[in-house]
*Asks:* 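Structure in structure tokens, see below.
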2 protein chains.
Amino acid sequence: MAKEYPELHLDNQLCFSVYTLSRLITQAYQPLLKALGLTYPQYLALLVLWQAEEEGSLPVPVKFLCEKLLLDTGTLTPLLKRMEVNGLVVRGRSSQDERVVQVNLTEAGLKLREQASKVPAEILCRTGLDIAQGEQIKEELSALIEQLDQA
Amino acid sequence: MAKEYPELHLDNQLCFSVYTLSRLITQAYQPLLKALGLTYPQYLALLVLWQAEEEGSLPVPVKFLCEKLLLDTGTLTPLLKRMEVNGLVVRGRSSQDERVVQVNLTEAGLKLREQASKVPAEILCRTGLDIAQGEQIKEELSALIEQLDQA
DNA sequence: GCAGGTTATATTGCAGACAATATAATTGCC
DNA sequence: GGCAATTATATTGTCTGCAATATAACCTGC
């Protein structure tokens, strides 16, 4: 008779729910973003850059993007290079400190914001998600993120 | 004066919380799983196989794993091949239906379950997550997953 | 100033994810 | 029986993620 391991059942694991939901969300965004020539992580990077533009803090160092997105340069450097090839951003060494690479939006990258501004509402519409509920879950997840990000 | 796009701010997006939390969770598992010679998706695949073993339903078709994990063969085929190389599973065509590839656990793959059974508790301990809270969030996320998986 | 540590970014290599396409086996239908 | 549609898996190509390592520029103490 096989001993049972309920703690190892997939359904019991929060980790699996988060992992799956994350991929499903990316898949939900994908067709909308493809129309804008973007991938999902590229879209997230643009969110940071657009907000920096509103706050008058462009250009921003790569390190700033790393911290906001919790991604390292092994991910962001090639991603930003692809976005540069696509004409959305420009990258250049700072003259103050030759170590830092400043990332700035191009005209095209800035202009994309208007089309992108319709994306969040469209996602909610397509997925039929409840906004208020989403807001609450977001708060709960943010607490978990903070906890994990420390450790 | 720059027009503002609050709907495009990173902090406002549930999607970003889920995306980040998913990566942080994977990172939390990583050192524990590395000690077992596993990656996180490989661990998830084993969860399915171990449960199938308990239920006496081994071997299982690749399609079964695809449905449980919500992953396609483009991800699972190479993953299962790596696990086969590592001696955890064996793959073979069904004689009833030559299209289906049956996946079974090896002795080593089965034996790994005992060490892995300590992983979930260890994760909770290390991350300091609240179990009861996690349980509730899991239910909420599962509802979202079902919603997205339909669409 | 300069040696040693720190910082910011880049590079390499590997393992997912997934869209798109391909292929072989099975099934259904007439 | 035979051909079209379906099914199960595989393959290819691109883009993440991330550990590990490398490198050049900065900073610090002495």
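Chain A is the first sequence line, chain B the second, and so forth, proteins listed ahead of strands; every chain is numbered from 1.
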*Asks:* Can you pull every protein N or O that's under 3.5 Å from an N or O on nucleotides 21-23 of chain D?
*Replies:*
none

*Asks:* Who pairs with A:Gln136 by side chain to side chain donor-acceptor pair (under 3.5 Å), at least two apart in sequence or on another chain?
*Replies:*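 For A:Gln136, the residues satisfying side chain to side chain donor-acceptor pair (under 3.5 Å) (neighbours in sequence not counted) are A:Glu140.
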
*Asks:* Listing request: all salt bridge (Lys or Arg N to Asp or Glu O under 4.0 Å) pairs with a residue in residues 75-94 of chain B, at least two apart in sequence or in separate chains.
*Replies:*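 Pairs touching residues 75-94 of chain B that pass the test: B:Glu84-B:Arg91.
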
*Asks:* Which residues pass the ring-ring contact (aromatic ring centres under 6.0 Å, His included) test with A:Tyr19, sequence neighbours left out?
*Replies:*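 With neighbours one apart ignored, the set is B:Tyr40.
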
*Asks:* Run the side chain to side chain contact (heavy atoms under 4.5 Å, CB included) test against B:Glu67 and tell me which residues pass, sequence neighbours left out.
*Replies:*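 Residues passing side chain to side chain contact (heavy atoms under 4.5 Å, CB included) with B:Glu67: B:Lys63.
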
*Asks:* May I have the distance from B:Leu69 (atom CG) to C:dC18 (atom C1'), rounded to whole angstrom?
*Replies:*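 About 15 Å, once rounded to whole Å.
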
*Asks:* Take the protein atom CG of A:Leu79 and the nucleotide atom C1' of C:dT11, then report the distance between them rounded to whole Å.
*Replies:*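 Going from CG in A:Leu79 over to C1' in C:dT11 covers 16 Å.
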
*Asks:* Atom CG of B:Leu80 to atom P of C:dA15: distance rounded to whole Å?
*Replies:*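 Interatomic distance, CG of B:Leu80 to P of C:dA15: 14 Å.
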
*Asks:* Quick one: side chain to side chain contact (heavy atoms under 4.5 Å, CB included) partners of B:Glu55, sequence neighbours excluded?
*Replies:*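 Counting only residues at least two positions away or on another chain, B:Glu55 forms a side chain to side chain contact (heavy atoms under 4.5 Å, CB included) with B:Gln51, B:Ser57.
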
*Asks:* A:Asp72 CG to C:dT7 C1': how many Å, rounded?
*Replies:*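 Going from A:Asp72 (CG) to C:dT7 (C1'), I get 15 Å.
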
*Asks:* Show every donor-acceptor pair shorter than 3.5 Å between a side-chain atom in residues 143-151 of chain B and any protein atom, with sequence neighbours excluded, or say none if there are none.
*Replies:*
from	atom 1	to	atom 2	distance (Å)
B:Gln147	NE2	A:Gly128	O	2.7

*Asks:* Hey, are B:Lys111 and B:Glu107 close enough for a salt bridge, meaning a charged N less than 4.0 Å from a carboxylate O?
*Replies:*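 Judged by the 4.0 Å cut-off on N to carboxylate O distance, B:Lys111 and B:Glu107 do not form a salt bridge.
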
*Asks:* Rounded to the Å, how far apart are B:Arg82 CZ and C:dA17 C1'?
*Replies:*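 For the pair B:Arg82 CZ and C:dA17 C1', the rounded distance is 11 Å.
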
*Asks:* Categorize B:Gln96 for me: base, sugar-phosphate, or nothing, with a 4.0 angstrom heavy-atom threshold over every strand shown.
*Replies:*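 Since only primed, P, OP1 and OP2 atoms lie under 4.0 Å of B:Gln96, the category is sugar-phosphate.
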
*Asks:* Who are the side chain to side chain contact (heavy atoms under 4.5 Å, CB included) partners of A:Asn104, not counting sequence neighbours?
*Replies:*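 If we apply the side chain to side chain contact (heavy atoms under 4.5 Å, CB included) test to A:Asn104, skipping adjacent residues, the hits are A:Leu58, A:Pro59, A:Val90.
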
*Asks:* Does a donor on one side chain sit under 3.5 Å from an acceptor on the other, for B:His9 and A:Glu54?
*Replies:*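 Yes, because at least one side-chain N or O of B:His9 sits under 3.5 Å from a partner of the opposite role on A:Glu54.
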
*Asks:* How many Å lie between CG on B:Leu70 and P on C:dA19, as a whole number?
*Replies:*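 One finds 13 Å between P of C:dA19 and CG of B:Leu70, rounded.
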
*Asks:* Scan nucleotides 3-10 of chain D nucleotide by nucleotide, 5' to 3', and note B when protein non-hydrogen atoms come under 4.0 Å of the base, S if they reach only the sugar-phosphate, - if neither.
*Replies:* ----BSBB

*Asks:* Do any pairs count as a salt bridge (Lys or Arg N to Asp or Glu O under 4.0 Å) and have a residue in residues 16-35 of chain B, sequence neighbours left out, and if so which ones?
*Replies:*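 The answer is none; no pair qualifies.
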
*Asks:* Below 4.0 angstrom, which residues in residues 22-50 of chain B have at least one non-hydrogen atom near DNA chain C?
*Replies:*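 Under 4.0 Å from DNA chain C: B:Thr39, B:Pro41, B:Gln42.
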
*Asks:* Between C:dA24 atom C1' and B:Glu98 atom CD, what is the distance in whole Å?
*Replies:*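 Between C1' of C:dA24 and CD of B:Glu98: 10 Å.
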
*Asks:* Determine which pairs satisfy ring-ring contact (aromatic ring centres under 6.0 Å, His included) with at least one residue from residues 41-71 of chain A, sequence neighbours left out, and list them in order.
*Replies:*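 Only A:Tyr29-A:Tyr43 qualify under ring-ring contact (aromatic ring centres under 6.0 Å, His included).
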
